[in-house]
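In the text below, chain A, chain B and the rest are named by the order of the sequence lines, each starting its count at 1. What you see is a predicted model, and the numbers here were worked out from it, not measured in a lab.
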Protein chains: 2
Amino acid sequence: MNDSVVEIGSRAGALPPATARLSDVAAHAGVSTKTVSRVVNNEPNVRPQVRERVMLSVVTLGYRPNAAARALVTQRTHQIGLITTASSLYGPTAGLFSLEQAAWKAGYALTLTTVREPSEGELAEAIRYLLARGVEGVIISGATGVLHLAPSALAGMPVVSTSPVSDAAPNHVVVDTDQSMGARAAVRHLYDLGHRRIAHIAGPLSWHAAVQRRDGWLRGMKDAGLEPGPVVEGDWSAKSGHEAAFSLDRAEVTAVFVANDHMAMGAIRAFTEKGIQVPGDMSVVGFDDVPEAAYQMVPLTTVRQDFVAGAERSVRELVQLIENQPIETTSIYLPTELIVRDSTASVIALDTA
Amino acid sequence: MNDSVVEIGSRAGALPPATARLSDVAAHAGVSTKTVSRVVNNEPNVRPQVRERVMLSVVTLGYRPNAAARALVTQRTHQIGLITTASSLYGPTAGLFSLEQAAWKAGYALTLTTVREPSEGELAEAIRYLLARGVEGVIISGATGVLHLAPSALAGMPVVSTSPVSDAAPNHVVVDTDQSMGARAAVRHLYDLGHRRIAHIAGPLSWHAAVQRRDGWLRGMKDAGLEPGPVVEGDWSAKSGHEAAFSLDRAEVTAVFVANDHMAMGAIRAFTEKGIQVPGDMSVVGFDDVPEAAYQMVPLTTVRQDFVAGAERSVRELVQLIENQPIETTSIYLPTELIVRDSTASVIALDTA
DNA sequence: GTAAAATGCCCTGTCAGGCCA
DNA sequence: ATGGCCTGACAGGGCATTTTA
């Protein structure tokens, strides 16, 4: 056993990974740590050959800067925190990966936090947790009614959220889908098909998005001069849509605007069970355009929202806030698109049936 | 404009929140920094009154320990990294939030990373990125065929994944659903209904899960003494299930085992378009049991997997690895459950039809 | 007085920036 | 123009010291 013996076996030498430090690289390259630092951080004033030599040492030793040490001295962590509700609903998750990728591109890492309910207490706890982790900004996504955030809890940290906050803080931008626009387009579409009695199956009204969609429906009805039909509240699940649809009477209603696709699926199933054909006897419009919406037994007419765009925009705004760049507006609403498929039909079809 | 002018407007005074440090608390409470440290970390040997006084100062000054400094000195970050494929497939996302909650409970934060494809290169990059962030372990989830991880890239870091790795590292545990068991149960169920010619719509075979399910189906067929029907490969999407089903001939096949629910939905839609009734003319079994599976027009018979349990187990194993506690096994396979609904029926029904 | 508990000093960990050679 | 040295960013560990029983 001497220095030149190569250890055999997978775990041999599995001591602490023995990460190389700046000083190790310096020693290896025969320069000062400062010079290595300059090379690593791409600063000027290093001769090309020296730079080359240092680079080589960096690779050889597998050096990577210690994030903690760097954060300590630069006072920057390049971490952003994401607070979201812990449910595998399509909406909240759809934008998640886009969020991460946008953050990565902008040079930030994403730390995830979940809350069961976006109550003031839970949010405050999540924020404290993220603050302790040193995040430089927070995105609050999915979920959430109007947020109640004690400004003190935020300690001035930038926030981007899909819902507005009660105490408007200066470092806050709202990025959301224009829910109201989507809902109104749905109503308009049904109106154009001749529907006059249009019900609504809402999401849980503790959610800002659910309220927005309901209000958009309400406003669409009013704009069309129609008396709003009944509203039934669900919880976003197919199951709740199924239950909600059972309480809707065919005699009173010819169409339903449903606040998301999964509830719409449940509703269509329920109508079928009751002997009501979709779209022959009843038109249904969903919201989200989940990937499988087009491939249902009755392909779903729905309102598409662009989660990817929303995620990218959120990160962009947050980074601007963090880096103190000027922002244009504090509320951004992204457009929706109505996707017409087979779950809606003209009332004519109904009267003939 | 001089120093004393207070800036007016939304961004005024958005200077660093001026977080209190340990020494500030110490000064405020009239003790040494070490004592404050003890109080903050709940260590013994501090008189109750002193502890109380320090706590008060902590609250008054809004002190929270600087994560970077703490990480630097303790050589612990309490961060774990998650590498997952960037797609909003149900599987990968379903366990995500459970993962975060389990990590939180164990005292770890979760940093998210996505790869487009689980290639060796992309994985290596993701790992370097996480390593640079100081994570203490990695969970590789969703996605992924057999992983090719250069052990050197890992630098001995603990890994838990849903897929096995090619170069088995000692610090590695596989936690996965017992895909094969699920597939065999599906075949068995179809067999018991009298089906003999059973096709398979597979997931993308670059995915380990897809291969496992196909192999399970294959083995189930063999065990039952049946000749395997055709296999068509999809990409997990409803769209691909729809396309795949079109290539299946009713004359050759009376049932299909589909590798996930969304493809199964697309397949059912396709059969319907071709005038093949489900389950009258064709039985379909899915996999996952997505929440809306029960509320399809044809409620889906499917194989349920417990993503929550998988997530919790993954975190548990990883933490054990990180904290150098003994682990029992290096491969853990969680059971599945066959959920029988309406998309499968006896072939008798078919023959009478 | 002694042992034990409580408290504090000093130094370390890693990297970047300022100053100086 | 380059490169070296020293310090600062913050919290925790080891041990020495003071207090208490």
Is Val50(A) touching bases, backbone alone, or none of the nucleic acid, heavy atoms closer than 4.0 Å?
-> sugar-phosphate
Could you check how far CZ of Arg53(A) sits from P of dT2(D), rounded to whole Å?
-> 14 Å
Between Arg47(A) and dA1(D), does any side-chain N or O lie under 4.0 Å from OP1 or OP2?
-> no
Would you please say whether a donor-acceptor pair under 3.5 Å links the side chains of Thr330(A) and His172(A)?
-> no
Atom pair OH/CD1 of Tyr108(A) and Ile139(A) - distance to nearest 0.5 Å = 11.5 Å
d(CG, Leu72(B); P, dG13(D)) in whole Å = 13 Å
Hey, is the side chain of Ser37(B) poking within less than 4.0 Å of OP1 or OP2 on dG12(D), counting only N and O atoms?
-> yes
For dC10(D), take OP1 and OP2 only and decide whether either is under 4.0 Å from a side-chain N or O of Tyr63(B).
-> no
Taking atom types as they are modelled, is there a donor-acceptor pair under 3.5 Å from the base of dG17(C) to the side chain of Lys34(A)?
-> yes
Heavy-atom neighbours of Glu52(A) CD exceed 12 at 6.0 Å | no
Base, sugar-phosphate alone, or nothing: which one does Val31(B) contact when heavy atoms must sit under 4.0 Å apart?
-> sugar-phosphate
Spacing between Arg21(A) atom CZ and dT12(C) atom C1', to the nearest angstrom | 11 Å
Output yes when at least one side-chain N/O atom of Ser32(B) is less than 4.0 Å from OP1 or OP2 of dG8(C), else no.
-> yes
Neighbour count above 12 (heavy atom, 6.0 Å) for Gln325(B) CD | yes
dT14(C) C1' sits how many Å from Asp24(A) CG, rounded?
-> 11 Å
Go through the N and O atoms of the side chain of Arg38(B) and the base of dG8(C), and report whether any donor-acceptor pair is under 3.5 Å.
-> yes
Send over the distance from Arg70(A) CZ to dC10(D) P, rounded to a whole Å.
-> 18 Å
Roughly, in whole Å, what's the span from CG in Leu22(B) to C1' in dG8(D)?
-> 16 Å
Could you state the atom-to-atom distance from CZ of Arg51(A) to C1' of dG3(D) in whole Å?
-> 13 Å
Side chain of Val73(B) (C-beta onward), nearest among dA16(C), dT12(C), dG17(C) = dT12(C)
Check whether any side-chain nitrogen or oxygen of Asn41(B) sits under 4.0 Å from OP1 or OP2 of dA11(D), and answer yes or no.
-> no
Take atom CG of Asn66(B) and atom P of dG13(C), then tell me their distance rounded to the nearest Å.
-> 18 Å
OP1 or OP2 of dG4(D) sitting under 4.0 Å from any side-chain N/O of Thr33(A)?
-> no
Is any side-chain N or O of Gln75(A) closer than 4.0 Å to OP1 or OP2 of dG8(D)?
-> no
Identify whether any heavy atom of Gln49(B) sits under 4.0 Å from a base atom; if not, whether one sits that close to sugar-phosphate; answer base, sugar-phosphate or nothing.
-> nothing
Would you say dG3(D) has OP1 or OP2 under 4.0 Å from some side-chain N or O of Asn45(A)?
-> no
Indicate whether any N or O donor in one side chain lies under 3.5 Å from an N or O acceptor in the other, for Thr60(B) and Ser57(B).
-> no
Any chance CD of Glu43(A) has more than 12 other-residue heavy atoms, nucleotides or ligands included, within less than 6.0 Å?
-> yes
